[in-house]
Amino acid sequence: MLGTRGGWQALRRCASLPRAVRLRVSEALGARESGGEVKVQGWVRSVRSQKEVLFLHINDGSSLEHLQVVADPSLENRDLTFGSAVEVQGKLVKSPHRRQNMELQAETIRVVGPCDTWTFPLKLKERHPLEYVRQFPHLRCRSNTLASLLRIRSEATAAIHSFFQDNGYVHIHTPIITSNDCEGAGELFHIEVSSLLSGPLTQFFNVPAFLTVSGQLHLEVMAGAFTHVFTFGPTFRAENSQSRRHLAEFYMVEAELSFTESLQDIMQVMEDLFKTATSTVLSKCPRDVELFHKYIAPAQKDRLEQILKHKFVTISYNEAVEILKQASQTFTFKPEWGCDLQTEHEKYLVKYCGEVPVFVINYPYDLKPFYMRDNEDGPQHTVAAVDLLVPGVGELCGGSLREERLPLLESRLQRLGITDTYQWYLDLRKYGSVPHGGFGMGFERYLQYILGVDNIKDVIPFPRFSHSCLL
Ligand code: 4AD
Ligand code: MG
């Protein structure tokens with residue numbers, strides 16, 4: 001694909017040649033010189049026929065802006081409608097309109113694929129609500145909002161990878177299929193060969209196998225050789241939830257750091273990741289982000305800019321429970337030391353701290369998975385765990401120091417009756433064990449938060465949740 005500058009240079013080189021240079025809409029809009037013979041392909045967003053001139057707007061997903069095509073009315077045909085796929089060839093010229101830089105004076109317009117506008121669920125010039133387009137996962141990427149979201153998602157993915165690569169982390173592809181349950185919360189999808197389902201009960205892998213709930217344990221293996229590692233892939237949870245912040249398949253960014261004795265070091269990486277990725281997204285796709293901050297979540301832009309300037313707040317779980325106990329508000333779940341923080345509690349804590357991201361640290365030992373490091377405090381026994389709570393979304397990240405001390409880990413696994421499964425994990429503590437820790441950030445929740453999108457189903461291309469697996 002031609003970059004904007006490369007595309008235009010190519011265009012200039014070919015100006016004397018009869019063959020037109022193919023440009024993406026974003027390249028055509030950003031071109032600096034007129035007169036080149038170009039070809040643009042895309043989908044029609046509007047058709048306006050006047051007596052002496054035919055106007056088209058076309059979009060190919062490369063930008064939120066459409067390219068205006070100006071043509072002789074004789075080029076109109078009945079297949080040239082909203083939604084149709086077209087290839088337009090002509091001359092790129094400076095537009096007389098202030099709002100756009102360039103426009104395309106068409107010489108030929110070819111309808112590559114007509115569109116049945118009567119049955120097409122998207123309608124000309126309508127701003128469809130996200131709930132409406134959610135019904136059409138195969139077509140909603142052609143709406144402005146979803147297209148912007150998907151471009152932002154793509155930029156955010158690249159920004160997250162760059163953040164880790166720039167800071168010396170090695171990217172690891174952790175497996176999708178695994179034989180362990182990292183979180184131990186019983187939300188596993190069990191997998192088997194479909195042809196065996198009705199046949200004799202044979203396990204393909206000889207052991208029960210599941211879709212991964214987290215790449216953490218595999219990252220811990222790698223942190224034992226590379227010190228700083230990360231992964232960014234799909235994770236799966238059979239959560240029977242229709243909530244606006246849970247999916248059965250979601251993407252998680254996970255990092256693991258060796259030679260780390262302080263939870264603060266892990267929290268610093270979370271905060272730096274959030275701030276760096278968000279600043280990059282805001283500067284790389286300003287128009288796409290603006291669409292969300294204008295129409296979906298007004299005032300989110302200012303809030304986000306403030307958040308990027310200030311340090312995140314930290315409170316302990318003990319303090320959180322005290323704050324909740326003293327709240328004038330009554331909760332459905334009474335706040336008690338030893339109980340998990342519910343959505344209503346998270347919401348209150350974030351509000352109490354001024355609607356900013358809040359780290360909650362040192363959770364009760366009995367609430368958290370086997371791998372978290374024992375703080376050996378008491379009588380309120382805690383582990384070195386951290387959750388990052390953010391306004392409107394709740395828990396964005398979860399992390400901890402890991403139990404690197406063999407005797408403590410052994411006795412915990414024994415009490416849970418899972419020592420056999422985790423022999424290999426114990427090995428990591430026998431052969432050059434180091435203090436280490438890490439975290440996971442839900443990518444969809446991240447997008448929800450920065451863009452102010454209410455429902456998680458609207459920030460992933462193909463949402464999977466209980467009772468729904470469309471396409
Ligand atoms: O807090 P969680 O369960 O942490 C872990 O899985 C750790 N093993 C990660 C690690 O330390 N490497 O999940 C991490 C984050 C949550 O904070 C949340 O943002 C997101 O993943 N998440 C979900 N996002 C969408 N749908 C779900 N069902 C989610 N469950 C968790
Ligand atoms: Mg968690």
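When a ligand or atom number is given, it counts from 1 through the structure's own listing order.
The protein non-hydrogen atom at the shortest distance from atom 6 (O) of ligand 1 is Arg237 NH2, 2.9 Å.
Residue contacts with ligand 1, taken as heavy atom pairs separated by less than 4.0 Å, involve His246 via backbone and side-chain atoms alike. Within the 4.0 Å heavy-atom criterion, neither part of Ser241 lies near ligand 1. Under 4.0 Å from ligand 1, not a single heavy atom of Glu256 appears. Only side-chain heavy atoms of Arg445 come within less than 4.0 Å of ligand 1; its backbone N, CA, C and O stay farther off. Contacts of Phe439 with ligand 1, taken as heavy-atom pairs under 4.0 Å, involve the backbone alone. Of the heavy atoms in Phe443, none comes closer than 4.0 Å to ligand 1.
Phe232 and Phe164 have their aromatic ring centers separated by at least 6.0 angstrom.
Between atom 30 (N) of ligand 1 and the options Phe250, Tyr251, Phe230, the minimum heavy-atom separation is to Phe250.
Relative ring orientation between His218 and Trp424 is described as parallel, the plane-to-plane angle staying below 30° on a 0-90° scale split at 30° and 60°.
Using a non-hydrogen distance threshold of 4.0 Å, Leu388 does not register as a contact of ligand 1. Under a 4.0 Å heavy-atom criterion, Glu444 is not in contact with ligand 1. Within the structure, the closest approach of Tyr446 to ligand 1 does not fall below 4.0 Å when heavy atoms are considered. Contact analysis puts Arg402 in contact with ligand 1, with a non-hydrogen atom separation below 4.0 angstrom.
Residue-ligand proximity, Tyr371 to ligand 1, at heavy-atom distances under 4.0 Å covers atoms 7 (C), 8 (N). Every atom of ligand 1 is numbered from 1 in the order shown, and the set under 4.0 Å from a heavy atom of Gly442 is 15 (C), 19 (O), 20 (C), 21 (O). Residue-ligand proximity, Arg245 to ligand 1, at heavy-atom distances under 4.0 Å covers atoms 25 (C), 26 (N).
Polar contact with ligand 1: present for Leu396 (N/O pair, distance under 3.5 Å). The shortest N or O to N or O distance between Ala255 and ligand 1 is not under 3.5 Å.
With a 6.0 Å cutoff to the six-membered ring centre and a 45° limit on the axis angle, Arg237 does not count as a cation-pi contact of Phe189. Taking the ring axis of Phe82 as reference, the NZ or CZ atom of Lys123 does not stay both within 45° of it and closer than 6.0 Å to the ring centre.
For the Mg ion (ligand 2), protein N/O/S neighbours under 2.8 Å (waters excluded) are Glu395 OE2.
Between Arg287 and Glu65 a salt bridge is recorded (basic side-chain N to carboxylate O distance below 4.0 Å). Between Asp458 and Arg140, at least one side-chain N (NZ, or NE/NH1/NH2) sits under 4.0 Å from a carboxylate O, which counts as a salt bridge. The existence of a salt bridge linking Arg373 and Glu261 is excluded, since no basic side-chain nitrogen approaches an acidic carboxylate oxygen closer than 4.0 Å. With salt bridges taken as basic N to acidic carboxylate O contacts below 4.0 Å, none links Lys301 and Glu290. Salt bridge present: Glu336 and Lys334 bring a charged side-chain N and a carboxylate O closer than 4.0 Å. Between Glu403 and Arg429 no salt bridge is recorded (no basic side-chain N to carboxylate O distance below 4.0 Å). With salt bridges taken as basic N to acidic carboxylate O contacts below 4.0 Å, one links Arg153 and Glu444. Between Glu271 and Lys275, at least one side-chain nitrogen of the basic residue sits less than 4.0 Å from a carboxylate oxygen of the acidic one, meeting the salt-bridge criterion.
With sequence neighbours left out, the ring pair (Phe, Tyr, Trp, His ring centres under 6.0 Å) criterion links Phe250 to no other residue.
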